[in-house]
Engineer: 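Supplied in C-alpha cells, the structure appears directly below.
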Amino acid sequence: MAEVLAEPMGAGGDPGRPLYFMYRDLARNDHDRAWLEGHVLRYDATVIPPGRVGGEYVKTKGHFHPENRVGVRFPEVYEVVTGKAHFLLQTWMADDVVLVEGSAGDVVVIPPGYGHVTINPGEEELVLANIVSTAFSSEYGPYVKRHGAAYYEMADGTLAPNPAYEDPAPIRLAAPAAVPAFCTGRKSPLYSLVGKEKCLDYLNRPEKYGKAFSGCLRDLAEQPACAPMP
C-alpha cells in the first residue's frame with residue numbers, strides 16, 4: 001500500500017497494521033457456490049476499518065479490469081452493507097474521474113473502462129459486498145506505477161491532486177442509480193441476485209449492455225456520470 005499513498009510512510013503510523021480485509025469466494029451454501037462457479041462468478045466481501053494513513057483516509061489499493069475476449073473491459077458491482085463509502089472511479093487516462101458517494105443499501109456498478117479505489121470517509125467500519133467475473137485477475141499495476149489514483153481524499157475534506165498525473169480531469173460527484181437491466185437498486189441486496197442469470201450476465205458479457213452502463217450513476221450536476229461503454 002505504501003506505493004499508492006499520499007504519504008508513503010504514513011506519517012509515523014504503524015507500517016504493519018492491516019488497512020483492510022478481503023474475503024473472496026463466499027457463499028451461503030453449496031448450491032449457491034456451485035451456481036456462482038458454473039456462471040464464472042465470485043461473491044466477495046471487503047471490510048475497511050475507519051482511520052487515517054498520514055493525512056489520508058484509509059482506502060483500497062485500486063485496480064483496473066482487463067478486456068474480455070471481444071475487447072471490452074470487465075465491469076464489477078458493489079453493495080455498501082454497512083458504513084459510508086466513496087468510490088473513486090477513473091478512466092485509464094484519467095480523462096474522466098468520478099467520486100460516487102454510497103451509504104448502506106446502495107449498489108454501485110463499476111462500468112467497463114473504469115478503475116476504482118474505495119475509501120472509508122466515515123468513523124465506522126465500512127463493509128462491502130461485490131460480485132465479479134472469475135475470468136480475469138485485477139490489474140493493480142497502473143495504480144502502483146502512478147502512486148495511486150488521480151486524487152487523494154484527505155481527512156481534512158480536500159481532494160488533493162496526485163502530482164504523478166499530468167492533467168487529470170476535475171472530479172465529478174455522483175450517486176448510485178438503479179439499473180433495471182442489472183436488477184440493481186436499494187431494495188435489491190446483492191446476494192439476492194445469486195441464481196438470477198439474466199441479472200448478472202453483464203459481468204461476463206458487457207458488450208451486450210452499452211446503454212445500461214451509460215446510466216449506472218446519477219451525476220449530481222445533472223450530466224452523464226458514466227461515459228457510454230468504449
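Predicted, not measured: the structure shown is a model, and the values here were computed from it. Just so it is clear, the values below take in all heavy atoms, side chains as well, and ignore hydrogens, waters and symmetry mates.
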Engineer: Describe, in one word, how the ring planes of Y209 and F182 are oriented to each other, choosing from parallel (under 30°), tilted (30 to 60°) and perpendicular (over 60°).
Structural biologist: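 Rings of Y209 and F182: perpendicular, as their planes differ by over 60°.
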Engineer: Within the 4.5 Å heavy-atom criterion, are P111 and P75 side-chain neighbours or not?
Structural biologist: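 Answer no - side chains too far apart.
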Engineer: Check the hydrophobic clustering (I, L, V, M, F, W, Y; side-chain heavy atoms under 4.5 Å; chains of links allowed) and say if V72 and V40 are grouped together.
Structural biologist: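 No; tracing contacts between hydrophobic side chains, which count when under 4.5 Å, never links both residues.
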Engineer: Donor-acceptor check, side chain of E7 to backbone of G55, threshold 3.5 angstrom: yes or no?
Structural biologist: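 Yes.
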Engineer: Same hydrophobic cluster for Y114 and L128, using side-chain heavy-atom links shorter than 4.5 Å among ILVMFWY?
Structural biologist: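 The answer is yes; both residues are in one hydrophobic cluster.
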Engineer: Would you check if there is a donor-acceptor pair between the side chains of Y57 and N120 at a distance under 3.5 Å?
Structural biologist: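 Short answer, no.
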Engineer: Any pair with a residue in residues 162-205 that passes disulfide (SG to SG under 2.5 Å), sequence neighbours left out, goes on the list, sorted by first then second residue, please.
Structural biologist: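 Listed by first then second residue: C183-C199.
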Engineer: Is N162 close to P168 at the side-chain level, that is, under 4.5 Å between some pair of heavy atoms?
Structural biologist: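 Counting from C-beta outward, P168 and N162 never come under 4.5 Å.
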Engineer: Measuring only between side-chain heavy atoms, which start at C-beta, is I48 closer than 4.5 Å to I119?
Structural biologist: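 The answer is no; the side chains never approach within 4.5 Å.
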Engineer: When you measure from the side chain of R73 to the backbone N and O of H65, does any donor-acceptor pair fall under 3.5 Å?
Structural biologist: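 Side chain of R73 to backbone of H65, a donor-acceptor pair under 3.5 Å: yes, one is there.
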Engineer: Ignoring hydrogens and geometry, is there a side-chain-to-backbone donor-acceptor pair from D201 to K198 under 3.5 Å?
Structural biologist: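 Checking the backbone N and O of K198 against the side chain of D201, no donor-acceptor pair under 3.5 Å is found.
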Engineer: Does any N or O in the side chain of T184 come within less than 3.5 Å of the main-chain N or O of V179, such that one atom is a donor and the other an acceptor?
Structural biologist: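 The answer is yes, because a donor-acceptor pair under 3.5 Å joins these two groups.
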Engineer: Counting C-beta onward and ignoring hydrogens, is there a side-chain heavy-atom pair between D44 and M22 closer than 4.5 Å?
Structural biologist: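 No - every pair of side-chain heavy atoms lies 4.5 Å or more apart.
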Engineer: Quickly, which of Y78, Y140, Y143 forms a ring-ring contact (aromatic ring centres under 6.0 Å, His included) with H116? Name it, please.
Structural biologist: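 By the ring-ring contact (aromatic ring centres under 6.0 Å, His included) criterion, H116 pairs with just one of Y78, Y140, Y143: Y78.
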Engineer: Counting N and O atoms only, with roles assigned by atom type, does the side chain of T60 sit under 3.5 Å from a partner on the main chain of T118, one being a donor and the other an acceptor?
Structural biologist: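 Such a contact is found between T60 side chain and T118 backbone.
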Engineer: Which residues pass the salt bridge (charged side-chain N to carboxylate O under 4.0 Å, His left out) test with E101, sequence neighbours left out?
Structural biologist: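 Partners of E101 under the salt bridge (charged side-chain N to carboxylate O under 4.0 Å, His left out) test: none.
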Engineer: Does anything in residues 16-71 pair up under disulfide (SG to SG under 2.5 Å), and if so which pairs, sequence neighbours excluded?
Structural biologist: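 Non-adjacent pairs meeting disulfide (SG to SG under 2.5 Å): zero.
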Engineer: Are the charged groups of R52 and E153 less than 4.0 angstrom apart, N to O?
Structural biologist: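 Here R52 does not pair with E153 in a salt bridge, since their nearest N and O are not under 4.0 Å apart.
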Engineer: Below 3.5 Å, can you tabulate the donor-acceptor pairs from side chains in residues 188-196 to any protein atom, sequence neighbours excluded?
Structural biologist:
unit_1: Y191; atom_1: OH; unit_2: R28; atom_2: N; d: 2.8
unit_1: Y191; atom_1: OH; unit_2: D32; atom_2: OD2; d: 2.6
unit_1: S192; atom_1: OG; unit_2: P189; atom_2: O; d: 2.5

Engineer: Counting C-beta onward and ignoring hydrogens, is there a side-chain heavy-atom pair between V107 and P176 closer than 4.5 Å?
Structural biologist: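 Result no, sub-4.5 Å side-chain heavy-atom pair not found.
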Engineer: With a 4.5 Å heavy-atom cut-off, do V53 and V58 have their side chains touching?
Structural biologist: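 Contact flag for V53/V58 side chains = yes.
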Engineer: Just grab all the disulfide (SG to SG under 2.5 Å) pairs involving residues 93-156, residues at least two apart or on different chains.
Structural biologist: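 Listed once each, the pairs would be none.
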Engineer: Please check this pair: side chain of Y20 against backbone of K61, looking for a donor-acceptor N/O pair closer than 3.5 Å.
Structural biologist: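 Side chain of Y20 to backbone of K61, a donor-acceptor pair under 3.5 Å: yes, one is there.
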Engineer: Keeping the roles fixed (side chain from Q90, backbone from A150), state whether a donor-acceptor pair exists under 3.5 Å.
Structural biologist: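 Checked: pair present.
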Engineer: Cluster question for you: counting only ILVMFWY and a side-chain heavy-atom cut-off of under 4.5 Å, with indirect links fine, are L203 and Y43 together?
Structural biologist: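 Yes, L203 and Y43 fall within the same hydrophobic cluster.
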Engineer: Listed by chain and number, what are the salt bridge (charged side-chain N to carboxylate O under 4.0 Å, His left out) partners of E3, not counting sequence neighbours?
Structural biologist: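 Partners of E3 under the salt bridge (charged side-chain N to carboxylate O under 4.0 Å, His left out) test: none.
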Engineer: Consider only side-chain heavy atoms of I, L, V, M, F, W and Y, link residues closer than 4.5 Å, and tell whether M154 and Y165 are in one cluster.
Structural biologist: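 M154 does not cluster with Y165.
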